[in-house]
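Take a look at the structure set out below.
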Amino acid sequence: MPEMPEVEALVEFLRERAVGRAILSARVAAIAALKTFDPPLQAIEARPIIAVTRHGKFVDLEIGTATDAAGEASPVEPSLHLVFHLARAGWLRWYDEVPATVLRPGKSPIALRVRLDDGAGFDLTEAGTKKSLAVYVVRDPAEVPGIARLGPDPMSETFTEGDFAGILAGRRTQVKGLLRDQSVLAGIGNAYSDEILHAAKMSPYKLAATLDADEVSRLYIAMRDTLSEALGEASGKPAAELKDAKRRRLRVHGRTGEACPVCGDTIRQVEFHDSTFQYCPTCQTGGKPLADRVRSRLLK
């Protein structure tokens, strides 16, 4: 799943290439991906993209006012937003020249195609059979339920260690789940929560409410440093390179059975019904393997 660093890099990529261009056409190939109907998708056509921003793991293209041939604003809604969330298996495919092929619903992984007035544009695609990619056309980003529920951005300049301590205090929640909860912290997913906890030398199962001041500080620093490094490495890369670049820099996530780059122990995995996470026993759990709930249930 694309997380904060990759989504921020996509925002930078689109900001550089799409801002100032008008949307010539927008077509949905996966009807279920479009979550709104008012305004209709066609309302963004013949309008310029005036800004691209990020909200957690959501990309927000602000669409300006349409103009007539004389350059005067048309009597339509002054601003709209095309917002999308790539979910677990979605991605953005950029074209310098959008293919002329006609989209056929259900015949390809393409969910949405946007063509700009210079011939360039992008597809939103989603692999696999489970479809969760979501597209919205709204008047205000806060109308998107997932954005309305977002917690603070952990990389915001105003987000302090004290703010983080306040979020953790009293929560009888495992830190792994808390880091991934978008209503608590916006933008962190499964991969970077693994990386953060490894850097902090902390068990994914540790309860947030049990952390002492030193542990809170260690986790806060690990979170900021891990995300800052990932943001820096992703910045400036074209969309086509971001996924592979992410995989290369991960130290524990997705590396089950490999040697920990810090201590050399074997990286272990815990399976849940719809996801997995990875950790290093020596670095994070005092050398003890964590209970694998799926495997334990299967062995009974």
Is the shortest heavy-atom distance from the side chain of [X] to the side chain of [Y] under 4.5 Å?
{"X": "D123", "Y": "Y95", "value": "yes"}
{"X": "V144", "Y": "H55", "value": "no"}
{"X": "L197", "Y": "Y279", "value": "no"}
{"X": "I147", "Y": "Q182", "value": "no"}
{"X": "I44", "Y": "L61", "value": "no"}
{"X": "M202", "Y": "L211", "value": "yes"}

Working to the nearest 0.5 Å, report the span between [atom1] of [X] and [atom2] of [Y].
{"X": "I49", "Y": "L80", "atom1": "CD1", "atom2": "CG", "result": "12.0 Å"}
{"X": "I188", "Y": "M155", "atom1": "CD1", "atom2": "CE", "result": "9.5 Å"}
{"X": "T276", "Y": "H253", "atom1": "OG1", "atom2": "NE2", "result": "6.0 Å"}
{"X": "T210", "Y": "Q174", "atom1": "OG1", "atom2": "CD", "result": "10.5 Å"}
{"X": "T101", "Y": "L103", "atom1": "OG1", "atom2": "CG", "result": "6.5 Å"}
{"X": "K176", "Y": "I196", "atom1": "NZ", "atom2": "CD1", "result": "9.0 Å"}

Check for a donor-acceptor pair, side chain of [X] on one end and backbone N or O of [Y] on the other, with a separation under 3.5 Å.
{"X": "D244", "Y": "E241", "result": "no"}
{"X": "E215", "Y": "D212", "result": "yes"}
{"X": "T36", "Y": "V137", "result": "yes"}
{"X": "E126", "Y": "P109", "result": "no"}
{"X": "E233", "Y": "L231", "result": "no"}

Mutual orientation of the aromatic rings belonging to F159 and F164 [parallel < 30°, tilted 30-60°, perpendicular > 60°]: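 Correct class here is perpendicular.
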
Parallel, tilted or perpendicular: rings of Y205 and F277 (30°, 60°):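 Rings of F277 and Y205: perpendicular, as their planes differ by over 60°.
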
Side-chain donor-acceptor pair present, S228, D225, cut-off under 3.5 Å: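 Judged by distance alone, the side chains do not pair up.
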
Distance-only polar pair, side chains of E62 and T53, donor-acceptor under 3.5 Å: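 No, no side-chain donor-acceptor contact under 3.5 Å.
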
Smallest separation among heavy atoms of [X] and [Y], with atom names:
{"X": "A239", "Y": "L10", "answer": "CB-CD2, 3.6 Å"}
{"X": "R113", "Y": "P99", "answer": "NH1-O, 3.5 Å"}
{"X": "C260", "Y": "C283", "answer": "SG-SG, 3.7 Å"}
{"X": "L227", "Y": "P154", "answer": "CD1-CG, 4.0 Å"}
{"X": "D181", "Y": "S183", "answer": "OD1-OG, 2.6 Å"}
{"X": "V52", "Y": "R15", "answer": "O-NH2, 2.7 Å"}

Evaluation steps, salt bridge (Lys or Arg N to Asp or Glu O under 4.0 Å), between R249 and E195: CA-CA 10 Å; R249 68 172 167 263; E195 298 298 298; over 6 Å; no

Pair listing, side chain to side chain donor-acceptor pair (under 3.5 Å) test, anchored in residues 143-154, at least two apart: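 For residues 143-154, and leaving out neighbouring residues, the side chain to side chain donor-acceptor pair (under 3.5 Å) pairs sorted by first residue read R54-D153.
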
Residue pairs passing the side chain to side chain donor-acceptor pair (under 3.5 Å) test where at least one lies in residues 80-90, sequence neighbours excluded: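 Residue pairs with at least one partner in residues 80-90: D60-H81.
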
Taking distance alone, no hydrogens or angles, what donor-acceptor pairs closer than 3.5 Å link side-chain atoms of residues 18-27 to residues at least two apart or in another chain?
residue, atom, partner, partner atom, Å
R21, NE, D117, OD1, 2.9
R21, NH2, D117, OD1, 3.1
R27, NH1, E45, OE2, 2.5

Criterion side-chain contact (heavy atoms from CB on, under 4.5 Å) against F84, the qualifying member of V114, L92, L112, L34: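 Among V114, L92, L112, L34, the one that satisfies the side-chain contact (heavy atoms from CB on, under 4.5 Å) with F84 is L92.
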
hydrophobic_cluster_shared for V7 and L242, side chain cutoff 4.5 Å: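 Linked within one cluster.
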
Hydrophobic cluster identity match, F122 and V135, side-chain contacts under 4.5 Å: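 F122 clusters together with V135.
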
Residues which pass ring-ring contact (aromatic ring centres under 6.0 Å, His included) with F13, listed by chain and number, not counting sequence neighbours: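 Per chain and number, F13 pairs via ring-ring contact (aromatic ring centres under 6.0 Å, His included) with W94.
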
E3 and K246 ion-paired at < 4.0 Å: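 Salt bridge between E3 and K246, a charged N being under 4.0 Å from a carboxylate O: yes.
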
Contact list for residues 254-270, test salt bridge (Lys or Arg N to Asp or Glu O under 4.0 Å), sequence neighbours left out: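 For residues 254-270: R255-E258.
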
Any residue meeting side-chain hydrogen bond (donor to acceptor under 3.5 Å, both in side chains) with S235, in chain and number order, not counting sequence neighbours: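 By the side-chain hydrogen bond (donor to acceptor under 3.5 Å, both in side chains) rule, S235 matches E12.
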
Steps toward salt bridge (Lys or Arg N to Asp or Glu O under 4.0 Å) verdict (D194, R251): CA-CA 9 Å; D194 282 355; R251 308 181 83 182; over 6 Å; no

